[in-house]
Amino acid sequence: MGAVESTEGEREPLLVPSQPATNTQPVLSRVYGRRWFVLTMFSLLGFMQGLVWNTWGPIQVSAKHVFEFSPTDIAVLVMWGPVGYLPWLLFMWLMDKKGLRASLLLSAFFMLLGAALRSVPLKDLYYRRWMIHGGQLLNGLAGPTIMSAGPLLSTTWFAPDQRATATAIASLIGYLGSAFAFLIGPLAVPAPNGTVGSTVYWNQNHIGDRIQFVLYAEVGMIAALFVAVLFYFPSRPPIPPSVAAASQRLSYRSSICRLLSNMRFLMIALAYSVPTGVVAGWAGVLDMILTPAKVSQVDAGWIGFWSIVGGCVFGVAMARFADYIRGMLKLILVLMFAGASLAATWFTLTCLTRLTHLPSTQATLYTSCILVGIFINSSVPIFLELFIETVYPVPEGITCGVVTFLSNLFTGLLLFCLTFYFTGSP
């Protein structure tokens with residue numbers, strides 16, 4: 001019998017594997033030392049944005065005497081921060097499409113222009129007040145990127161075991177800037193004669209010169225940061241630090257639809273935005289709130305400073321703890337909110353001393369206010385990590401943009417209501 005040569009079709013295998021072998025390369029990952037420089041530049045911009053936002057609240061007594069501000073003006077100056085968040089969708093689109101560098105440069109430019117506008121030494125107080133309001137609004141327009149991009153930066157540049165810590169630093173540094181405004185303002189700008197805590201006579205011109213010095217110093221620091229970011233601030237490293245950083249994410253439109261249809265995300269967002277938004281607005285006008293309790297401008301500044309600094313330090317510590325122990329974010333948040341509720345109740349009962357007959361001392365005001373700030377502000381990075389885990393693969397910048405918009409919405413609502421309260425107060 002003769003052998004017949006097989007045809008080409010007969011050489012094909014009868015069983016074709018359902019998943020043919022591929023030559024895909026494993027995703028390379030690398031962590032760069034320059035990530036700390038990028039985080040530092042971003043954090044310093046966040047620090048200055050918070051410092052400029054909270055300029056006027058801690059020195060509201062002095063600002064009223066120099067610029068003839070009303071209590072409503074002070075509340076509106078603080079409210080320009082949340083108002084600047086209204087075009088947040090545009091900034092989130094820019095961050096998603098053009099990267100972190102382009103969006104951060106635009107925000108830094110808004111901050112520089114706003115700080116320069118506030119410091120123009122016009123003699124006409126009417127136009128000077130409008131320039132200050134315009135500068136505060138421009139600084140508020142930097143908020144959507146500065147307050148939302150921290151988790152995006154940490155995922156893009158940092159390894160998974162450092163991500164929560166980097167998120168905490170990037171997201172809390174703006175709060176630290178607000179805290180230093182409580183410290184720098186009252187120490188650099190003296191209170192007018194005849195006010196609580198004023199022991200030395202200062203004329204109006206000297207107080208105005210001190211305020212002008214603070215405004216000039218802020219312009220100089222923001223200009224230096226703008227130049228630094230302009231020369232070097234890459235959007236991403238050449239090689240991603242993890243598989244998550246290199247993975248494909250949802251598009252901008254799909255991300256918005258996914259977030260708005262996720263009920264679990266919306267419930268967590270509500271739990272985050274109400275307390276953080278209310279406490280942020282409350283801290284911005286803390287001096288005016290504590291004035292009826294006979295608390296001086298300097299003492300109110302120290303209370304605000306330690307409440308925010310305590311929250312930042314405790315928040316970074318808890319984030320570092322969360323880097324090592326995953327799956328306990330909910331329990332940590334419940335404990336923090338329980339402590340905040342008790343501290344807020346203590347502060348309220350202390351202020352209502354005529355009804356409760358509880359002793360209202362400087363120690364109780366300090367302790368209760370500081371505890372509220374510690375428990376609420378330290379929850380911010382834990383919440384952001386929880387959001388990212390809940391809605392993955394939605395981009396981090398879009399997720400945090402939505403929740404920080406909601407937080408600023410409640411801040412604006414509180415300040416809007418306070419404008420009517422201050423208008424009706426004597």
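Only a predicted model underlies this, so the values are computations on that prediction, with no experimental measurement involved.
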Contact check, side chains of [X] and [Y], non-hydrogen atoms, under 4.5 Å:
X: I308; Y: F182; answer: yes
X: V52; Y: M111; answer: no
X: T55; Y: E218; answer: yes
X: L100; Y: F233; answer: yes
X: L89; Y: I256; answer: yes
X: N139; Y: F110; answer: no
X: L349; Y: T345; answer: yes
X: P87; Y: W93; answer: no

Nearest 0.5 Å, what's the [atom1]-[atom2] distance between [X] and [Y]?
X: I184; Y: F305; atom1: CD1; atom2: CZ; value: 9.0 Å
X: Y272; Y: F265; atom1: OH; atom2: CZ; value: 10.5 Å
X: F42; Y: W157; atom1: CZ; atom2: CH2; value: 13.5 Å
X: F67; Y: W56; atom1: CZ; atom2: CH2; value: 4.5 Å
X: L225; Y: L104; atom1: CG; atom2: CG; value: 10.0 Å
X: T399; Y: F387; atom1: OG1; atom2: CZ; value: 9.0 Å

Return yes when atom [atom1] of [X] has more than 12 non-hydrogen atoms of other residues, nucleotides or ligands closer than 6.0 Å, and no otherwise.
X: W88; atom1: CH2; answer: yes
X: F109; atom1: CZ; answer: no
X: Y232; atom1: OH; answer: yes

Give a yes-or-no answer on whether the side chains of S62 and R210 include a donor-acceptor pair shorter than 3.5 Å.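 The answer is no; no qualifying pair exists.
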So, D73 and S70: side-chain donor and acceptor under 3.5 Å apart, yes or no?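 Distance-only check passes for D73 and S70.
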For [X] and [Y], work out which heavy atoms get closest and say how close.
X: I303; Y: I370; value: O-CG1, 4.0 Å
X: P121; Y: Y216; value: CG-OH, 3.6 Å
X: L270; Y: P275; value: O-CD, 4.2 Å
X: R118; Y: R128; value: O-NH2, 3.1 Å
X: G150; Y: A170; value: CA-CB, 3.7 Å
X: L414; Y: V278; value: CD2-O, 3.2 Å

Apply side-chain contact (heavy atoms from CB on, under 4.5 Å) to residues M147 and Y85 and explain how you reach the verdict. CA-CA 10 Å; M147 297 180 66; Y85 234 91; 3.8 Å; yes
Would a distance-only check, ignoring hydrogens and angles, find a side-chain to backbone donor-acceptor pair under 3.5 Å from [X] to [Y]?
X: S379; Y: I376; result: yes
X: S148; Y: T145; result: no
X: S261; Y: R258; result: yes
X: T411; Y: S407; result: yes
X: W53; Y: V78; result: yes
X: N54; Y: G50; result: no

Test side-chain contact (heavy atoms from CB on, under 4.5 Å) on V219 and I222; report intermediate values, then the result. CA-CA 5 Å; V219 173; I222 294 175; over 6 Å; no
Are F37 and F231, when compared by the centres of their aromatic rings, separated by less than 6.0 Å?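 No, they do not, as the ring centres are separated by 6.0 Å or more.
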Are F158 and L153 close enough, and set up right, to give a side-chain contact (heavy atoms from CB on, under 4.5 Å), and what steps lead you there? CA-CA 8 Å; F158 286 83; L153 184 146; 4.0 Å; yes
Chi angles and distances behind the side chain to side chain donor-acceptor pair (under 3.5 Å) call for T276, Y175: CA-CA 11 Å; T276 57; Y175 292 85; 5.5 Å; no
